[in-house]
Amino acid sequence: MGLGFAVKVLGKEGLKSNDSRRWQSDPRLSVSIGYLHRIFDYLQESGITMYRISSEIAPYITHPDFPQFHRQLDECEEELACLGLRARELGLRLSMHPSQYIVLNSPDERIYASAVRDFVYHARFLDLMGLGPEAVIVTHGGGVYGDKTAAIQRFVERYKRLPENVRARLVLENDEKNYTVPDIVQAHEQCGVPLVLDNLHHRLNNPNGLGYREVAQECLRTWQTDVTPKVHFSSARTEARTVNRRNRKTGEVTQVQAAPLPSQHSDWVDADEFVEFLEATAGIRDYDVMLEQKQKDLALLKLRADLAQRGITTR
DNA sequence: CGATGTCAAGGAATC
DNA sequence: GATTCCTTGACATCG
């Protein structure tokens with residue numbers, strides 16, 4: 001089982017995950033690629049084999065108002081091939097996760113069109129790196145718009161019409177508000193999209209009270225036999241945090257103990273909870289785990305150590 | 001330098 | 001139909 005983390009590196013100073021300057025400063029994908037090389041160095045040093053690349057890696061590349069950014073992939077073909085070669089040498093499993101604004105099933109044709117543009121850019125980015133089918137693009141079901149069946153149907157029809165290289169990488173994850181595991185299973189049955197199980201989202205959005213084993217069985221079987229399935233795992237924050245709250249009228253700032261929202265990610269993985277998940281899903285099929293904790297790579301390394309103490313080894 | 005405001009983008013709830 | 005929240009981190013701006 002491989003363990004991965006998302007985007008931001010905390011274990012080493014000065015590692016940026018993308019060129020995040022504003023458009024006025026002419027940010028560039030080539031700068032981001034340089035950052036990724038440094039991150040790959042760190043992954044190699046720390047023995048981490050899975051990583052989610054920032055979706056902001058190519059700044060403004062699909063922004064309708066800034067055509068000067070739209071050709072960045074063409075400009076960086078060689079650099080991307082070189083970066084991808086390195087990723088393969090290091091045995092990295094890479095992935096991407098477009099932002100919440102990318103909604104394939106929106107009834108608004110313009111939003112649909114921009115979602116396709118964004119997926120096309122993500123897929124081409126991974127293609128230019130020469131990565132295999134394990135390098136997936138994760139998305140959510142989108143909005144419900146008052147009729148979930150119709151909304152799922154729209155996702156399915158549009159998925160079928162995506163370019164082949166996008167369909168080869170796009171995978172669907174259950175979310176904490178709209179699309180449950182049974183909902184995304186319905187989408188899979190109609191278009192074949194592989195499914196990513198997110199344990200925390202499942203805990204928050206599980207009206208039928210399904211157990212980890214049954215939802216894992218449903219999701220893991222949706223992946224081709226030659227690609228290792230991926231799940232998302234995170235422990236929820238349970239402790240209250242001290243937050244500064246500003247009074248709207250007076251501007252006065254007071255410190256308040258904020259109860260955790262059930263959907264907030266905790267700093268660290270609860271190893272007991274993780275083992276519980278492992279045991280619940282044992283024997284179904286091998287899978288990789290993308291961790292989504294606040295402490296990012298540090299949480300991964302701590303979990304790896306905690307698991308090793310229990311005799312469980314991870315990549 | 002620290003504090004605060006802003007950011008390209010959607011959806012849903014609220015009025 | 002318009003406004004606000006959701007949630008997030010880093011950049012930009014202001015004092």
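In what follows, every chain begins at residue 1, and chains take the letters A, B, ... in the order their sequences are listed.
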Between the protein and nucleotides 9-12 of chain C, which nitrogen or oxygen pairs come in under 3.5 angstrom?
from   : atom 1 : to    : atom 2 : distance (Å)
C/dA10 : OP1    : A/K8  : NZ     : 3.0
C/dA10 : OP2    : A/K8  : NZ     : 3.4
C/dA10 : O3'    : A/S20 : OG     : 3.1
C/dC11 : OP1    : A/S20 : OG     : 2.9
C/dC11 : O2     : A/R22 : NH2    : 3.2

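- A/Q68 has its CD atom 13 Å from the C1' atom of B/dA8, to the nearest Å.
- Counting non-hydrogen atoms of neighbouring residues, nucleotides and ligands closer than 6.0 angstrom, the CD atom of A/E13 reaches no more than 12 such neighbours.
- The distance between atom OH of A/Y101 and atom P of C/dC5, rounded to the nearest whole Å, is 14 Å.
- Side chains of A/H202 and A/N206: a donor on one and an acceptor on the other come within 3.5 Å.
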Using atom names, set out every protein N or O paired with an N or O of nucleotides 12-15 of chain B below 3.5 Å, distance rounded to 0.1 Å.
from   : atom 1 : to     : atom 2 : distance (Å)
B/dA12 : OP1    : A/V144 : N      : 2.8

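- In secondary-structure terms, DNA chain C builds stems of at least 3 consecutive Watson-Crick or G-U pairs, each pair having both distances under 3.5 Å, at B:1-7 with C:9-15, B:10-15 with C:1-6.
- Of all heavy-atom pairs between A/R21 and A/D26, the closest is NH2-O, 3.6 Å.
- Atom pair A/Y112:OH and B/dG11:P shows a separation of 15 Å (rounding to whole Å applied).
- In this structure, the OH atom of A/Y179 is 17 Å from the P atom of B/dG10, given to the nearest Å.
- Following rounding to the nearest Å, A/F66 (CZ) and B/dA9 (P) show an atom-to-atom distance of 10 Å.
- Comparing B/dA8, B/dA9, B/dG11 by their nearest atom to the side chain of A/W23 picks out B/dA8.
- Residue A/S114 is classed as having no contact, given no heavy-atom separation below 4.0 Å to the nucleic acid.
- The CZ-C1' distance, from A/R154 to B/dG11, rounds to 13 Å in whole Å.
- Between the P atoms of C/dT4 and B/dG5, the separation comes to 15 Å (whole Å).
- Listed by chain and number, the residues in a side-chain hydrogen bond (donor to acceptor under 3.5 Å, both in side chains) with A/E109 amount to none (sequence neighbours excluded).
- The aromatic rings of A/H63 and A/Y60 lie tilted to each other, with the angle between the two planes from 30° to 60°.
- Atom NE2 of A/H122 is separated from atom P of B/dA9 by 17 Å (rounded to the nearest Å).
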Result block: side-chain N/O donor-acceptor pairs under 3.5 angstrom for residues 137-151 of chain A, not counting sequence neighbours:
from   : atom 1 : to     : atom 2 : distance (Å)
A/H140 : ND1    : A/E173 : O      : 3.3
A/D147 : OD1    : A/T149 : N      : 3.3
A/D147 : OD1    : A/A150 : N      : 3.2
A/K148 : NZ     : A/N178 : O      : 2.7
A/K148 : NZ     : A/D183 : OD2    : 2.6

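- Rounding to the nearest 0.5 angstrom, the gap separating the CD1 atom in A/I57 from the CG atom in A/L36 is 4.0 Å.
- Between A/F125 and A/Y121, the ring-plane angle classifies as perpendicular under the 30° and 60° cut-offs.
- With rounding to the nearest 0.5 Å, the separation of OG1 in A/T49 from CG in A/L43 is 9.0 Å.
- Counting heavy-atom neighbours within 6.0 Å of A/E214 CD, excluding the residue itself, gives a total above 12.
- The distance between atom CZ of A/F119 and atom P of B/dG10, rounded to the nearest whole Å, is 14 Å.
- Across the P atoms, B/dA8 and C/dA12 are found 11 Å apart, a figure rounded to whole Å.
- Side-chain atoms of A/D297 and A/Y42 form a donor-acceptor pair, as typed in the model, at a separation below 3.5 Å.
- Between C/dT3 and B/dC7, the distance separating the two P atoms is 16 Å to the nearest Å.
- Each side chain to side chain donor-acceptor pair (under 3.5 Å) pair with one or both residues in residues 69-84 of chain A, not counting sequence neighbours, appears once here: A/R28-A/E75, A/R71-A/D74, A/D74-A/R124, A/E77-A/R124.
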